Peer 1: 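Okay, handing you the structure first.
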2 protein chains.
Amino acid sequence: MATISDVARRAGVSTATVSRALNGVSTVDPALVARVRAAAEELGYQPNGLARNLRRQETAVLALIISDVENPFFTAIARGVEDVAQTAGYSVVLCNSDESAEKERRYIDVALQERVAGVVISPTDEWAGVEMLLGRGTPVVAVDRPLRAGTGDQVLVDSRAAARAATEHLLAAGYQRVGCVTGPEGVRTADDRLAGYRDALGRRKRRERRAEYRAAGGEAATRALLAGAEPPDALLVANSAMAIGVLEALRAEGLRLGRDVGVVAFDDVPWATLIDPPLTVVAQPAYEIGAEAARLLLARIADGSLPPTATTLEAQLIERGSSHRA
Amino acid sequence: MATISDVARRAGVSTATVSRALNGVSTVDPALVARVRAAAEELGYQPNGLARNLRRQETAVLALIISDVENPFFTAIARGVEDVAQTAGYSVVLCNSDESAEKERRYIDVALQERVAGVVISPTDEWAGVEMLLGRGTPVVAVDRPLRAGTGDQVLVDSRAAARAATEHLLAAGYQRVGCVTGPEGVRTADDRLAGYRDALGRRKRRERRAEYRAAGGEAATRALLAGAEPPDALLVANSAMAIGVLEALRAEGLRLGRDVGVVAFDDVPWATLIDPPLTVVAQPAYEIGAEAARLLLARIADGSLPPTATTLEAQLIERGSSHRA
DNA sequence: TTGAAAGCGCTAACAA
DNA sequence: TTGTTAGCGCTTTCAA
């Protein structure tokens with residue numbers, strides 16, 4: 001691959017002039033610029049970003065580390081991050097930690113080693129990974145899951161309040177035995193949503209089940225709950241992938257959505273209105289989370305001394321048929 | 001951030017020894033290795049990947065450039081690529097070209113400049129971008145959409161045959177006026193699926209409509225088709241995002257799925273069995289496409305002289321209720 | 001087994 | 001306005 005010296009030789013100038021010409025430094029003779037451009041073109045010259053970044057001590061690349069590429073919530077975040085980053089001239093690379101602390105760790109190492117300009121991350125747990133980044137001076141913004149207070153920027157949704165509101169909605173709709181299907185212990189969003197459910201339930205009897213944040217998990221949890229003595233007549237589901245399994249379990253049991261068992265699920269999904277009755281959801285502003293995270297990250301890259309901020313966005317309960325008896 | 005010289009100074013050895021110790025070169029005195037390790041640990045040393053890669057002229061990073069992160073088909077490919085890459089010690093960074101040739105171009109530039117080891121791409125068109133990569137000697141594997149014959153590795157699905165089979169299935173199920181909703185002209189998969197539809201239709205009257213590969217596109221196309229003189233009584237839909245719009249339009253018109261209008265859509269989606277009747281789909285082996293692409297890419301990175309291959313995987317028609325009158 | 005030194009490709013002082 | 005030169009942090013000969 002052609003290097004800057006090849007171009008310099010061909011254009012009959014020094015490498016410094018090539019660098020200046022190609023980077024649009026104004027002090028270069030237009031005639032030379034043209035010659036350099038031509039030479040670069042002829043050689044198919046592509047600047048070596050590694051060398052450039054090594055020299056400049058910076059990269060125009062952001063890393064986005066999320067826990068599940070197949071979850072529409074996270075891909076919507078990705079678009080938000082990307083749109084903002086692009087307009088600022090940054091590229092975004094997406095890394096899938098797959099809810100595994102080890103993979104997350106590996107991607108953090110990569111981010112550190114490749115010296116990305118900043119990282120947006122949905123941390124699998126509160127400490128280890130993010131602190132590595134912070135400790136090395138890499139700007140970080142956490143999304144979806146919190147950091148230890150004051151350690152870094154974060155943009156979150158008040159899951160607990162949303163879960164509480166959703167549960168209250170179910171109660172208000174006349175369901176008597178509201179249950180909750182949530183994710184694994186330690187996954188902060190799963191814990192928060194369960195807590196919100198409990199908040200709303202007060203002294204009523206709890207019917208809760210944890211499982212992995214996937215369809216199979218939702219299905220298993222639902223079956224288990226249904227097999228109990230006084231099975232739930234409504235369910236708060238903490239995640240849209242789980243919701244698929246929940247709905248399948250319900251159907252397998254011959255239970256009618258809404259009429260027999262009310263359901264509210266976290267995350268608005270494109271297919272929510274296609275099922276019958278349509279699914280009531282807690283819609284998180286995923287795109288906006290990503291966009292805001294990117295804005296904060298860019299601001300911090302520009303000025304590392306900014307105080308850490310915590311932004312909380314509101315989720316919105318979208319009532320549809322699945323949470324009504326009628 | 002600590003550099004290798006900092007570590008060397010602290011351990012009282014040369015930078016060469018640090019490099020050797022940390023990279024597990026066997027000729028280093030175990031005592032020294034321990035000292036170096038300790039020093040690195042104390043300083044929180046993270047090797048600078050930029051410098052290392054610059055020197056080694058290689059990176060253990062693959063780029064995956066896809067046209068829509070929000071499409072489950074592509075995210076499934078991403079997992080396939082990632083799983084294979086990980087076991088070979090490579091990291092994968094995902095870039096979202098968003099069906100835009102310009103964004104694709106920008107990510108290709110980034111890939112080139114960052115000197116990634118290889119690229120898996122779903123090319124927006126056949127030439128420009130991929131040829132830049134090939135021209136600079138970067139190993140490339142195309143997925144989902146073809147390259148010009150013989151230019152590089154590709155792993156595809158025979159969309160045309162699958163579309164034909166799906167259309168024939170609809171015809172065999174007794175639908176008389178089968179229509180087709182497909183993506184924009186020039187998007188290869190959209191064209192292929194339309195071609196397959198036409199293959200099956202033979203001399204029957206065509207009812208086809210193009211729109212963007214999104215729900216809104218599917219909805220608009222369906223409305224337009226339905227507004228015609230002899231509206232279709234069945235639809236082949238070329239993409240799962242469009243399918244959402246198609247189903248919505250049908251419902252808005254009061255048409256019952258299957259009974260009034262039969263539907264087969266490309267790509268198996270998690271919610272296919274949740275709607276009533278469940279959706280008949282053409283399931284593409286997305287994960288396997290990604291995994292195979294990664295295998296081919298790795299092979300080509302190891303040996304650049306390999307002849308270009310073209311792998312074609314089969315799609316599978318999964319018959320469910322939406323394509324039957326009963 | 002270890003160290004000295006060159007150099008990957010680029011940019012930025014400094015000189016001219 | 002242009003060129004010369006140093007050096008970003010690392011790996012890898014070549015000597016010792």
Side-chain angles (χ1 to χ4, degrees), chain A residues 1-37 39-40 43-61 109-117 136-138, chain B residues 1-37 39-40 43-61 109-117 136-138:
Chain A
M1 206 124 107
T3 72
I4 199 172
S5 346
D6 298 329
V7 178
R9 206 169 310 121
R10 178 148 194 146
V13 297
S14 73
T15 59
T17 299
V18 174
S19 173
R20 286 189 282 248
L22 263 21
N23 289 303
V25 174
S26 55
T27 66
V28 189
D29 183 341
L32 276 193
V33 173
R35 237 164 67 206
V36 169
R37 284 252 171 73
L43 295 168
Y45 171 68
Q46 275 283 342
N48 184 326
L50 297 172
R52 163 183 291 167
N53 296 335
L54 176 58
R55 176 63 230 228
R56 286 203 182 146
Q57 304 275 50
E58 67 180 34
T59 15
V61 175
D109 277 348
V110 172
L112 240 19
Q113 292 183 8
E114 303 294 323
R115 301 296 197 266
V116 299
R136 303 294 188 290
T138 304
Chain B
M1 207 124 110
T3 73
I4 198 172
S5 341
D6 298 329
V7 178
R9 205 168 311 121
R10 179 150 194 142
V13 298
S14 72
T15 61
T17 299
V18 174
S19 173
R20 287 189 280 246
L22 263 22
N23 288 303
V25 174
S26 55
T27 66
V28 189
D29 183 341
L32 276 193
V33 173
R35 239 163 67 207
V36 169
R37 283 253 170 75
L43 294 167
Y45 171 69
Q46 275 282 342
N48 185 324
L50 297 172
R52 162 184 291 166
N53 296 334
L54 176 58
R55 175 62 228 233
R56 284 203 183 146
Q57 306 274 49
E58 68 182 29
T59 27
V61 176
D109 277 348
V110 172
L112 239 20
Q113 293 182 6
E114 303 295 322
R115 302 297 197 266
V116 299
R136 303 295 187 291
T138 304

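Proteins get letters first, then strands, A, B, ... in listed order; numbering begins at 1 in each. Predicted model only: the values in this text are computed from it and were never measured.
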Peer 1: Any idea which heavy atoms bring B:Tyr45 and B:Ile4 closest together, and the distance?
Peer 2: CE1-N, 3.5 Å
Peer 1: Output the residues of residues 15-24 of chain B in contact with DNA chain C, where contact means a heavy atom of the residue under 4.0 Å from an atom of the strand; sort by number or write none.
Peer 2: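 Output list: B:Ala16, B:Thr17, B:Arg20.
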Peer 1: Expressed in angstrom and rounded to an integer, what is the separation of B:Asn53 atom CG from D:dC10 atom C1'?
Peer 2: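 So the CG-C1' distance, B:Asn53 to D:dC10, works out to 10 Å.
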Peer 1: Nearest 0.5 angstrom please: A:Met1 CE to B:Thr138 OG1, how far?
Peer 2: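 Answer rounded to 0.5 Å: 5.5 Å.
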Peer 1: If you find the nucleotide of DNA chain C closest to B:Thr27 and the one closest to A:Ser5, which residue's nucleotide is nearer the 5' end?
Peer 2: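 Upstream on the strand: B:Thr27.
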Peer 1: Can you give me the closest heavy-atom contact between B:Ala8 and B:Thr15, atom names plus distance?
Peer 2: CB-N, 3.7 Å
Peer 1: Where do B:Asn53 and B:Glu58 come nearest, in terms of heavy atoms and distance?
Peer 2: OD1-O, 3.0 Å
Peer 1: Heavy atoms, side chains only, cut-off 4.5 Å: are B:Asn48 and A:Arg115 in contact?
Peer 2: yes
Peer 1: Using a 4.0 Å heavy-atom cut-off across all strands, classify A:Leu32 as base, sugar-phosphate, or nothing.
Peer 2: sugar-phosphate
Peer 1: Should B:Gln113 and A:Val61 count as side-chain neighbours, where that means a heavy-atom distance under 4.5 Å?
Peer 2: no
Peer 1: When you get a sec, tell me which of C:dG9, D:dC10, D:dT2 is the closest nucleotide to the side chain of A:Ile4?
Peer 2: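 Taking heavy atoms from C-beta onward, the closest nucleotide is C:dG9.
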Peer 1: Hey, is the side chain of B:Thr3 poking within less than 4.0 Å of OP1 or OP2 on D:dG9, counting only N and O atoms?
Peer 2: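 No, B:Thr3 has no side-chain N/O under 4.0 Å of OP1/OP2 on D:dG9.
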Peer 1: Compare the minimum distances between each of D:dG9, D:dT2, C:dG3 and the side chain of B:Asn48, then state the nucleotide with the smallest one.
Peer 2: D:dG9
Peer 1: Show your reasoning for whether side-chain contact (heavy atoms from CB on, under 4.5 Å) applies to B:Asn23 and B:Arg52.
Peer 2: CA-CA 11 Å; B:Asn23 288 303; B:Arg52 162 184 291 166; 3.5 Å; yes
Peer 1: Can you measure A:Arg115 atom CZ to D:dC8 atom P for me and round it to whole angstrom units?
Peer 2: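 My rounded result for the distance is 14 Å.
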Peer 1: Starting at the 5' end of DNA chain C and moving along, which residue's nearest nucleotide shows up first, B:Val13 or B:Gln57?
Peer 2: B:Val13
Peer 1: D:dT12 P sits how many Å from B:Leu54 CG, rounded?
Peer 2: 12 Å
Peer 1: May I have the distance from A:Glu58 (atom CD) to C:dT11 (atom P), rounded to whole angstrom?
Peer 2: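 Atom CD in A:Glu58 sits about 11 Å away from atom P in C:dT11.
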Peer 1: Whole Å only: how far is the CZ atom of A:Arg55 from the P atom of D:dC10?
Peer 2: 16 Å
Peer 1: Rounded to whole angstroms, how far apart are CZ on B:Arg56 and P on C:dG9?
Peer 2: 16 Å
Peer 1: Taking distance alone, no hydrogens or angles, what donor-acceptor pairs closer than 3.5 Å link side-chain atoms of residues 25-35 of chain B to residues at least two apart or in another chain?
Peer 2:
unit_1, atom_1, unit_2, atom_2, d
B:Asp29, OD1, B:Ala31, N, 2.9
B:Arg35, NE, B:Ala11, O, 3.2
B:Arg35, NH2, B:Ala11, O, 2.8

Peer 1: Send over the distance from B:Arg136 CZ to C:dG9 P, rounded to a whole Å.
Peer 2: 15 Å
Peer 1: Taking CZ in A:Arg136 as the centre, count heavy atoms belonging to other residues, nucleotides or ligands within less than 6.0 Å. Is the count above 12?
Peer 2: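 Atom CZ in A:Arg136 is crowded, with more than 12 foreign heavy atoms closer than 6.0 Å.
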Peer 1: Compute the angle between the rotation axes at the two ends of the helix from C:dT1-D:dA16 to C:dA16-D:dT1, each taken over five pairs, rounded to 10 degrees.
Peer 2: 40°
Peer 1: Starting at atom CG of A:Asp6, determine the distance to atom C1' of C:dG9, rounded to an integer number of angstrom.
Peer 2: 10 Å
